[in-house]
J.: 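Here you go, one structure.
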Amino acid sequence: MSVVEPTELRARFARSLSALYGTEVPAYTTLVEVCEQINAEVLDRLGAEAERHGSIARVTAERHGAIRVGTADELAQVARILGACGMHPVGFYDLREASPPVPVVSTAFRPTDSDELAANPFRVFTSLLVVDDRRFFDAATQSQLEEFLGARRLFPDELLELADRAETCNGLEIGDAERFLELATASFALSAEPVDHAWYDHLEAISSVAADIGGVTSTHINHLTPRVLDIDELYRRMEARGITMIDRIQGPPLTTKPAVLLRQTSFRALAEPRTFREPDGSLAPGELRVRFGEVEARGVALTPAGRALYDDRGIDAFPDTAQELHAAGLAYYRRDPDAPGGLSPIVYEDFLPKSAAGIFASNLTSDGSVDAAQRASARDAAWLQDALGRPLHDPYELYAAQV
């Protein structure tokens, strides 16, 4: 019997989640359509140069999703499910240090091999709530959160068992693969279960992200992100269609210099109908604004020296050509005699904490509250790796290996 290997499982999972999200958030379908139109136009105008940062087939299929979980156990279960699809945790992001601060630490699950990235670069940016950080949660709220999160079950045992089998056996037989995709997709669908209004409001006063994680009994896709070759034109066209975008494009500004890192924007979170359970036990209709449609444009990955220069002085401090970037040791390129200037850029596959927090903040109902005088909880890459129960990859090492 034929086996569905992790590469194909990943591609099918990305398509399945995209179909689901399109039914839940129709404006996302519009976003994808506009991206595809613009990508075709850029390819027609620029030819091979349009594919400098990846083939048009890769760019068209490309998505990154974002999910949020509440406990280390839930995070480890996500790692098992995505591990079945050949996706591994890469990088540590502490969004508590962003402005405004968000009470989560994050990693990104993605392929790590260049051939796998070329086949399908599906990524899932995954955030974990830090419930014991006193800057956000007092002792009583922490205790309530731990009780609430400890009582829920995000992923069925059957899904986790199939995931483990897929990792061990490097794939699943067709029937099992279809069942895995069915269960995995359903696990990230928006739940119709009533939301405890008082509990959700309590958390939302602290952080809208905390409420989205710890105020409901399930997880869901927070956003799904296609890739576009001209994000500035995408922004203009979405606005022209009457879809309200956030106030700006996050990341490096538009420039004639080589594209670096990641530029992102989104349409604003839409009001979605939800049922609320009131303190007297009655049910009442309401709405929440937590999910949005993000879009991204990717450039070349920067070396640690390049990233330090970017973070300190911005894109204006960079040289004007790929050859100068390469010679200065600021960006990752591989030698390619068929590429312009003999250099082929290594695409930035990861994320920018400042941009991620900026996207979150632009779609929040409020900035929440934080008491900077209180104790912060220690979280770092080593802690996260222990929570994951598997290696946490250093993105710079992965880029260097591609060179």
Side-chain angles (χ1 to χ4, degrees), residues 24-25 66-78 95-96 98 100-106 126-156 186-223 268-292 357 359-372 374-377 379 387:
E24 294 180 338
V25 183
I67 60 173
R68 300 163 175 170
V69 295
T71 69
D73 284 345
E74 291 176 352
L75 180 67
Q77 290 171 1
V78 169
L95 271 61
R96 299 175 300 167
V102 183
V104 298
V105 294
S106 310
T126 304
S127 298
L128 171 65
L129 194 63
V130 186
V131 299
D132 59 346
D133 195 315
R134 282 291 176 269
R135 294 174 296 177
F136 301 92
F137 308 110
D138 60 27
T141 301
Q142 177 191 346
S143 179
Q144 288 175 281
L145 269 170
E146 289 174 340
E147 181 179 1
F148 183 90
L149 295 169
R152 74 181 186 182
R153 180 72 171 172
L154 298 184
F155 308 109
S187 294
F188 297 107
L190 192 66
S191 172
E193 186 169 336
V195 176
D196 184 321
H197 209 164
W199 174 233
Y200 193 97
D201 284 352
H202 172 68
L203 291 179
E204 191 170 40
I206 301 168
S207 164
S208 293
V209 173
D212 188 44
I213 299 171
V216 294
T217 57
S218 62
T219 189
H220 48 250
I221 307 171
N222 179 257
H223 59 262
R268 288 197 178 277
L270 305 175
E272 296 180 287
R274 303 290 286 273
T275 300
F276 289 92
R277 179 175 287 107
E278 303 300 339
D280 64 2
S282 64
L283 299 180
E287 60 183 32
L288 292 178
R289 292 178 180 268
V290 296
R291 304 200 304 166
F292 49 91
I359 294 280
F360 283 8
S362 297
N363 284 288
L364 298 180
T365 53
S366 72
D367 286 347
S369 61
V370 58
D371 185 352
Q374 297 299 315
R375 173 185 58 79
S377 297
R379 295 290 189 275

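What you see below is based on every heavy atom in this structure, not just the backbone, and it leaves out hydrogens, waters and symmetry mates.
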J.: What distance separates L190 CG from L288 CG, expressed to the nearest 0.5 Å?
T.: 8.5 Å
J.: Looking only at heavy atoms, what is the nearest atom pair of F136 and V102, with distance?
T.: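 Closest pair (atom of F136, atom of V102, distance): CZ-C, 4.3 Å.
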J.: Can you name the one residue among L129, V216, T141, D212 that meets side chain to side chain contact (heavy atoms under 4.5 Å, CB included) with L203?
T.: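 Only one option passes, and that is T141.
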J.: Hey, are the side chains of P103 and D133 touching, using non-hydrogen atoms and a 4.5 Å cut-off?
T.: no
J.: For the atom pair CD (E146) and CZ (F137), what is the distance rounded to the nearest 0.5 Å?
T.: 11.0 Å
J.: Please report the closest heavy-atom contact between A387 and A76, naming both atoms and the distance.
T.: O-CB, 3.6 Å
J.: Measuring from Q374:CD to R134:CZ, what's the distance to the nearest 0.5 Å?
T.: 8.5 Å
J.: For the residue pair V290 and N222, what are the closest heavy atoms and their distance?
T.: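 In this case the closest contact between V290 and N222 is O-ND2, 2.9 Å.
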J.: Distance check, rounded to the nearest 0.5 Å: I213 atom CD1 versus S208 atom OG?
T.: 11.0 Å
J.: Quick one, T71 with D73, criterion side chain to side chain donor-acceptor pair (under 3.5 Å). Give me CA distance, side-chain angles, the key distance, then yes/no.
T.: CA-CA 5 Å; T71 69; D73 284 345; 5.3 Å; no
J.: What's the spacing between E287 CD and R274 CZ if we round to 0.5 Å?
T.: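 E287 CD to R274 CZ: 11.5 Å, rounded to 0.5 Å.
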J.: Which pair of non-hydrogen atoms, one from F292 and one from R268, has the smallest distance, and what is that distance?
T.: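 Looking at all heavy atoms of both residues, the shortest contact is CB-C, 4.1 Å.
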J.: Checking D132 now: which residues fulfil side chain to side chain contact (heavy atoms under 4.5 Å, CB included) with it, not counting sequence neighbours?
T.: V130, Q142, S377, R379
J.: Got a sec, which residues hit salt bridge (charged side-chain N to carboxylate O under 4.0 Å, His left out) with E193, two or more places apart in sequence or on another chain?
T.: none
J.: List for me each residue that meets side chain to side chain contact (heavy atoms under 4.5 Å, CB included) alongside H197, sequence neighbours excluded, and say none if there are none.
T.: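 With neighbours one apart ignored, the set is D201, F276, E278.
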J.: Donor-acceptor pair, T219 side chain versus R68 backbone, under 3.5 Å?
T.: yes
J.: Going from OG on S207 to CG on L95, what distance comes out if it is rounded to the nearest 0.5 angstrom?
T.: 10.5 Å
J.: Looking at residues at least two apart in the chain, or sitting in another chain, which of them share a ring-ring contact (aromatic ring centres under 6.0 Å, His included) with F188?
T.: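 So F188 forms a ring-ring contact (aromatic ring centres under 6.0 Å, His included) with F155.
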J.: Does E24 have any salt bridge (charged side-chain N to carboxylate O under 4.0 Å, His left out) partners at least two apart in sequence or in another chain, and if so, which?
T.: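 E24 satisfies salt bridge (charged side-chain N to carboxylate O under 4.0 Å, His left out) with R291 only.
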J.: Only counting residues at least two apart or in another chain, list the ones meeting side chain to side chain contact (heavy atoms under 4.5 Å, CB included) with S218.
T.: S191
